[in-house]
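Numbers here simply count residues along the sequence, with the first being 1. Being a predicted model, the structure only gives us computed values, none of them experimental.
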Amino acid sequence: SSLQAWIDEAPQLEAIGSIHDYAENRYQAAGLIERIWRKSPTNVPWASSEDMHSLSLDGLRVGNFPKLPVVTDFSHVRELKLNNMDCKGMASDFLEHFSGLTALEMDNNEMAQLPVQLERMPNLRRLSLARNLLYMTGENASVLRSLSSLEVLNLNDNLLGPLLSFNSHAHLRRVYL
């Protein structure tokens, strides 16, 4: 399977002093990804139905994300947490499979660009991108403008810049800068 190939893949070289057990983290992440794909909480019988629609890979240092087959569909997932993964801009292709999200957290990942895949998440209500390296370039501003259903936006501890605008966000109730 594509997940097994990803687990077995050699890790990318990281800066000296940044040592992570990629194989173990990938193994854990693959199990969580497969479980949510099956929509089955059989491995965690105490899980609520909310858990069936939420995927958290928080803190797992995986290097890069798995390349999933194009037909892979995670549209049933409503909440995705990718915090503290040091993923920079490597989550873009992975996000392509999560069109049904209502909440996305990608805090503390050293991201400089907003993933363009956000434009294909019409139900996104909560977005947290705190503690990244985001600056509102024309492209980033365009992606943010497309998120017209946002109610909560967290951009704490980012560079931002003068192009930041909320004119197209009629539903926005809370903004954290």
Novice: Looking only at non-hydrogen atoms, find the nearest pair between Trp6 and Ala29 and report the distance.
Specialist: CH2-CB, 3.8 Å
Novice: Side chain to side chain donor-acceptor pair (under 3.5 Å) with Arg78: which residues, sequence neighbours excluded?
Specialist: none
Novice: Determine, using the 4.5 Å side-chain heavy-atom cutoff (strictly less than), whether Leu3 and Trp37 are members of one ILVMFWY cluster.
Specialist: yes
Novice: Could you pull out the closest heavy-atom pair between Ser99 and Pro122, with the gap in Å?
Specialist: O-CD, 3.9 Å
Novice: Do you reckon Ile36 sits in the same ILVMFWY cluster as Leu32, going by side-chain contacts under 4.5 Å, direct or chained?
Specialist: yes
Novice: So, taking the atom named CZ in Arg131 and the one named CE in Met111, what distance separates them when rounded to the nearest 0.5 Å?
Specialist: 12.0 Å
Novice: First locate atom CD of Glu151, then atom CZ of Arg125, and finally report the distance between them rounded to the nearest 0.5 Å.
Specialist: 6.0 Å
Novice: May I ask you to test the Glu119-Ser142 pair for a side-chain heavy-atom distance under 4.5 Å?
Specialist: yes
Novice: Of all heavy-atom pairs between Leu163 and Gly138, which one has the smallest distance, and what is that distance?
Specialist: CD1-N, 3.8 Å
Novice: Take Leu95 and Met121 through the side chain to side chain contact (heavy atoms under 4.5 Å, CB included) test and state the conclusion after the steps.
Specialist: CA-CA 10 Å; Leu95 289 173; Met121 296 180 182; 4.1 Å; yes
Novice: Considering all heavy atoms of both residues, which atom of Cys87 and which atom of Met106 are nearest to each other, and what is their separation?
Specialist: SG-CE, 4.0 Å
Novice: Quick one: side chain to side chain donor-acceptor pair (under 3.5 Å) partners of Ser165, sequence neighbours excluded?
Specialist: Asn167
Novice: Membership question, hydrophobic clusters at under 4.5 Å side-chain separation (ILVMFWY): are Tyr27 and Leu82 in the same one?
Specialist: yes
Novice: Determine whether the side chains of Glu79 and Ser54 contain a donor N or O and an acceptor N or O closer than 3.5 Å.
Specialist: yes
Novice: Do Leu118 and Val175 sit in one hydrophobic cluster, given that two such residues count as connected whenever their side-chain heavy atoms are within less than 4.5 Å of each other, even indirectly?
Specialist: yes
Novice: Within this structure, what is the CG-CD distance for the pair Leu101 and Glu105, rounded to the nearest 0.5 Å?
Specialist: 11.0 Å
Novice: How far does CG of Asp107 sit from CG of Asp58, to the nearest 0.5 angstrom?
Specialist: 8.5 Å
Novice: Which pairs pass salt bridge (Lys or Arg N to Asp or Glu O under 4.0 Å) with one or both residues in residues 67-76, sequence neighbours excluded?
Specialist: none
Novice: Can you name the closest pair of heavy atoms from Arg61 and Asn84 and give their distance?
Specialist: NE-O, 3.2 Å
Novice: From Arg38 CZ over to Ile33 CD1, what is the distance, rounded to the nearest 0.5 angstrom?
Specialist: 13.0 Å
Novice: Is the backbone N or O of Gly100 less than 3.5 Å from a side-chain atom of His76, with the two atoms forming a donor-acceptor pair by type?
Specialist: no
Novice: Please answer whether the main-chain N or O of Asp86 pairs with a side-chain N or O of Asn109 as donor and acceptor at a distance below 3.5 Å.
Specialist: yes
Novice: Between Gln4 and Ile7, is a side chain to side chain contact (heavy atoms under 4.5 Å, CB included) present by the stated rule, with each step listed?
Specialist: CA-CA 5 Å; Gln4 187 60 52; Ile7 292 169; 4.2 Å; yes
Novice: In chain order, what residues pass the side-chain contact (heavy atoms from CB on, under 4.5 Å) check against His169, with sequence neighbours excluded?
Specialist: Leu144, Leu147, Leu150, Phe166, Leu172
Novice: What's the shortest heavy-atom distance between Tyr135 and Gly161, and which atoms?
Specialist: CE1-CA, 3.5 Å
Novice: So among Leu164, Asn158, Asp157, which one has a side-chain contact (heavy atoms from CB on, under 4.5 Å) with Leu177?
Specialist: Leu164
Novice: Count I, L, V, M, F, W, Y as connected when their side-chain heavy atoms are under 4.5 Å apart, and connections chain through other members. Are Val143 and Leu80 then in the same cluster?
Specialist: yes
Novice: Less than 4.5 Å apart, side chain to side chain, heavy atoms only: is that true for Asn108 and Asn83?
Specialist: no
Novice: Please tell me if the side chains of Leu57 and Val62 come closer than 4.5 Å, counting only heavy atoms from C-beta onward.
Specialist: no
Novice: Hey, what do you get for CG (Leu129) to CG (Leu104), rounding to the nearest 0.5 Å?
Specialist: 6.5 Å
Novice: Within a strict 4.5 Å, meaning less than it, do heavy atoms of the Asn64 and Glu9 side chains meet?
Specialist: yes
Novice: Ignoring hydrogens and angles, tell me if any N or O in the side chain of Asn25 forms a donor-acceptor pair with the backbone of Leu60 under 3.5 Å.
Specialist: no
Novice: Does anything in residues 77-99 pair up under ring-ring contact (aromatic ring centres under 6.0 Å, His included), and if so which pairs, sequence neighbours excluded?
Specialist: Phe65-Phe94, Phe74-Phe98, Phe94-Phe98
Novice: Who passes side chain to side chain donor-acceptor pair (under 3.5 Å) against Asn132, sequence neighbours left out?
Specialist: none
